[in-house]
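Structure first, then comments.
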2 protein chains.
Amino acid sequence: MSTTGRGLHGRVLDTLGPEITAGDYPPGSVLRTDELAHRFDVSRSVMREVVRVLESMHLVESRRRVGVTVLPTREWNVYDPQVIRWRLAGADRPRQLRSLTVLRSAIEPVAAGLAARHATAEQCAELTECALGMVANSRGHRLEGYLFHDMAFHRVILNASGNEMFARLGDVVAEVLAGRTHHDVMFEDPDPAAVTLHVQLAEAVRERDAARAEKLTREITEGALQELDILAP
Amino acid sequence: MSTTGRGLHGRVLDTLGPEITAGDYPPGSVLRTDELAHRFDVSRSVMREVVRVLESMHLVESRRRVGVTVLPTREWNVYDPQVIRWRLAGADRPRQLRSLTVLRSAIEPVAAGLAARHATAEQCAELTECALGMVANSRGHRLEGYLFHDMAFHRVILNASGNEMFARLGDVVAEVLAGRTHHDVMFEDPDPAAVTLHVQLAEAVRERDAARAEKLTREITEGALQELDILAP
DNA sequence: TGTGACGTATAAGTCTGACTTTTTGTTCGC
DNA sequence: GCGAACAAAAAGTCAGACTTATACGTCACA
């Protein structure tokens, strides 16, 4: 599941990245490339590549004569899928999940409205199929099956919006949904009301009813906010 | 203005990155590190670091025995500020500006609602100050002054939302606003209605009226959508 | 003729060591 | 006390040798 490939470079990154995002090194901490290279038992070349990547994520800043400085959270590229994954795997996972859920609540209703306008016949069919899959797995502790179709459903909506910025959040939403199922709440069968909403949403998109699609999605995401005890906006 | 530092590495990146995002190399094209190093007259070490960064942005994929493959747009990290800047500087700037404006229309209303709940007294003051600045520059072709306060206004809103994902879009929104003023529309004084909306929004936030703040922001962003002839959702 | 195993060429991956450049902090002279 | 020259430290750059994975072509065998 880890995006980073096989190389030595990737393995070092998958260790150092999470350490930084977890806050092991407070902002302003200074690391030295040579030390890191020694610590991970890799050559300076490899270590330099790792630092470059971390720098492109704005997690660190490399300056001559001073070293590799850890930047404050405010600077991080928090939309980088890798950074999101690292943070979700770390200690402030709950906080992260809240941020992302609020983001969802802003994006998805608008995306659904656009999907109602732009979805292809094939996408409408996929949507219906996913909704049916959710219904079929909504009872009897079939959480994994439910999650699978739920993730697919939202991914189709985001793709069908025709906006690439929305489409690219498919992975993030999937991550949030998976996190909800696996770690936090949802030990019992999903809320029947939520299932119904998804079925109705598939319907609204198929019928090109943008306003209804948006409204239904707003209800869905409001449910997600309430689950995390976030005040409904 | 270019984020990338002074190093050799940065200069190569600032050439190759825009070329790729501009579509000079169609998806599936294969580049070779050695060739690139020769073309830019840098060592392989430097070239490898550049490729690693491009890889972390999912613009390319490097595989043994085949080379550096350009990935399809769908794979790109379109939220990476660097990628956004490169694309805005390139040929599909209009398309990009549309995507980002739609994103704004989804994010900002929710952010404004949250800002009304969470804004500090200082942030409320800044907001009022920005709104006044917009008013003061709304007549007599003082577009630069207007833009300055407009960008600051929206940045404060996004920061005051208390959600880091929203806050990080400040640069993007600023870029969109600047693009609108400099390249596209707005050759005359800004719409007085828009100015009024900003003043009212500052008011709503100060009065902790979340619903009104959200509604006003929706009107603002709908105006932005209409300017680009995007169907109001 | 199709299919699978094998070998080879290729391009990325890694390591090492030497050298350059920038920048910080100190020291010295005024 | 202050500015300028100096020295040290760390990143930046380079060149070259070596390693490793893998796509592709070859050949034997069915």
Side-chain angles (χ1 to χ4, degrees), chain A residues 2-17 19-20 24-72 75-76 82, chain B residues 2-17 19-20 24-72 75-76 82:
Chain A
S2 71
T3 297
T4 332
R6 286 279 163 285
L8 244 182
H9 160 269
R11 250 173 295 157
V12 174
L13 198 62
D14 276 339
T15 306
L16 190 52
E19 283 182 4
I20 294 174
D24 289 5
Y25 310 94
S29 306
V30 174
L31 312 171
R32 262 145 326 168
T33 308
D34 285 357
E35 270 186 21
L36 290 172
H38 182 259
R39 173 185 157 200
F40 290 107
D41 197 36
V42 295
S43 69
R44 288 195 309 286
S45 331
V46 169
M47 204 57 231
R48 283 182 51 73
E49 289 170 22
V50 171
V51 169
R52 277 276 182 270
V53 171
L54 293 173
E55 203 174 19
S56 87
M57 296 169 174
H58 283 78
L59 295 182
V60 303
E61 184 192 35
S62 177
R63 274 168 57 199
R64 272 180 150 126
R65 162 69 205 215
V66 24
V68 178
T69 314
V70 177
L71 294 175
E75 298 283 342
W76 298 354
Q82 185 108 302
Chain B
S2 70
T3 298
T4 331
R6 282 284 159 284
L8 245 182
H9 160 269
R11 251 174 293 155
V12 175
L13 199 62
D14 276 339
T15 305
L16 190 53
E19 284 181 4
I20 294 174
D24 289 4
Y25 310 94
S29 306
V30 174
L31 312 171
R32 262 146 321 174
T33 308
D34 285 354
E35 269 186 22
L36 290 172
H38 182 260
R39 173 185 157 199
F40 290 108
D41 197 37
V42 295
S43 69
R44 291 194 323 129
S45 327
V46 170
M47 204 58 231
R48 282 182 53 73
E49 288 170 23
V50 171
V51 169
R52 277 275 180 271
V53 170
L54 293 173
E55 202 174 18
S56 88
M57 296 169 173
H58 284 78
L59 296 183
V60 303
E61 184 192 37
S62 177
R63 274 167 55 200
R64 272 181 149 123
R65 161 68 209 220
V66 25
V68 178
T69 313
V70 178
L71 294 175
E75 299 283 342
W76 298 354
Q82 185 108 301

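Per chain, numbering begins at 1; letters A, B, ... match sequence-line order.
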Under 4.0 Å between any heavy atoms, over every strand shown, what does [X] touch: base, sugar-phosphate, or nothing? Just pick one.
{"X": "B/Arg44", "value": "base"}
{"X": "A/Ser45", "value": "base"}
{"X": "B/Arg48", "value": "base"}

Practice prompt. Kindly determine whether A/Gln82 and A/Val53 satisfy side-chain contact (heavy atoms from CB on, under 4.5 Å), including the steps that lead there.
Written response: CA-CA 11 Å; A/Gln82 185 108 302; A/Val53 171; 5.8 Å; no
Taking N or O atoms only and anything under 3.5 Å, show me the protein contacts with nucleotides 6-9 of chain C, one pair per line.
from: C/dA9; atom 1: N3; to: B/Arg65; atom 2: NH1; distance (Å): 2.9

Worksheet entry | Nucleotides bounding contact with chain A, strand DNA chain D, heavy-atom threshold 4.0 Å |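 Result: D/dA8 to D/dT13.
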Distance check, rounded to the nearest 0.5 Å: [X] atom [atom1] versus [Y] atom [atom2]?
{"X": "B/Arg52", "Y": "A/Arg52", "atom1": "CZ", "atom2": "CZ", "answer": "13.5 Å"}
{"X": "A/Leu54", "Y": "A/Glu49", "atom1": "CG", "atom2": "CD", "answer": "12.0 Å"}
{"X": "A/Ile20", "Y": "A/Met57", "atom1": "CD1", "atom2": "CE", "answer": "10.0 Å"}

Taking [atom1] from [X] and [atom2] from [N], how many angstroms apart are they, rounded to a whole number?
{"X": "B/Glu55", "N": "C/dG13", "atom1": "CD", "atom2": "C1'", "value": "12 Å"}
{"X": "B/Arg63", "N": "C/dT10", "atom1": "CZ", "atom2": "C1'", "value": "14 Å"}
{"X": "B/Arg52", "N": "C/dT14", "atom1": "CZ", "atom2": "C1'", "value": "10 Å"}
{"X": "B/Arg32", "N": "C/dG13", "atom1": "CZ", "atom2": "C1'", "value": "17 Å"}

Discussion item. Using modelled atom types and a 3.5 Å cut-off, is there a donor and acceptor pairing between side-chain atoms of B/Glu55 and backbone atoms of B/Ser62?
Written reply: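 Flag set: sc B/Glu55 to bb B/Ser62 pair under 3.5 Å.
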Worksheet item: Do any side-chain nitrogens or oxygens of B/Arg64 fall under 4.0 Å of OP1 or OP2 in C/dG13?
Response: no
Discussion item. Which residue in the set B/Leu16, B/Val68, B/Asp34, B/Leu8 passes side chain to side chain contact (heavy atoms under 4.5 Å, CB included) when paired with B/Met47?
Written reply: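 For B/Met47, the side chain to side chain contact (heavy atoms under 4.5 Å, CB included) test succeeds with only one of B/Leu16, B/Val68, B/Asp34, B/Leu8, which is B/Leu16.
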Non-hydrogen atoms of [X] and [Y] that approach each other most closely:
{"X": "B/Pro26", "Y": "B/Val70", "value": "O-CB, 4.0 Å"}
{"X": "A/His58", "Y": "A/Leu71", "value": "O-CD1, 3.4 Å"}
{"X": "B/Ser56", "Y": "A/Ser56", "value": "OG-OG, 3.3 Å"}

Worksheet item: Hey, which of these two, A/Ser43 or B/Asp34, hits DNA chain C nearer its 5' end, going by closest nucleotide?
Response: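 Its nearest nucleotide lies further toward 5', so the answer is B/Asp34.
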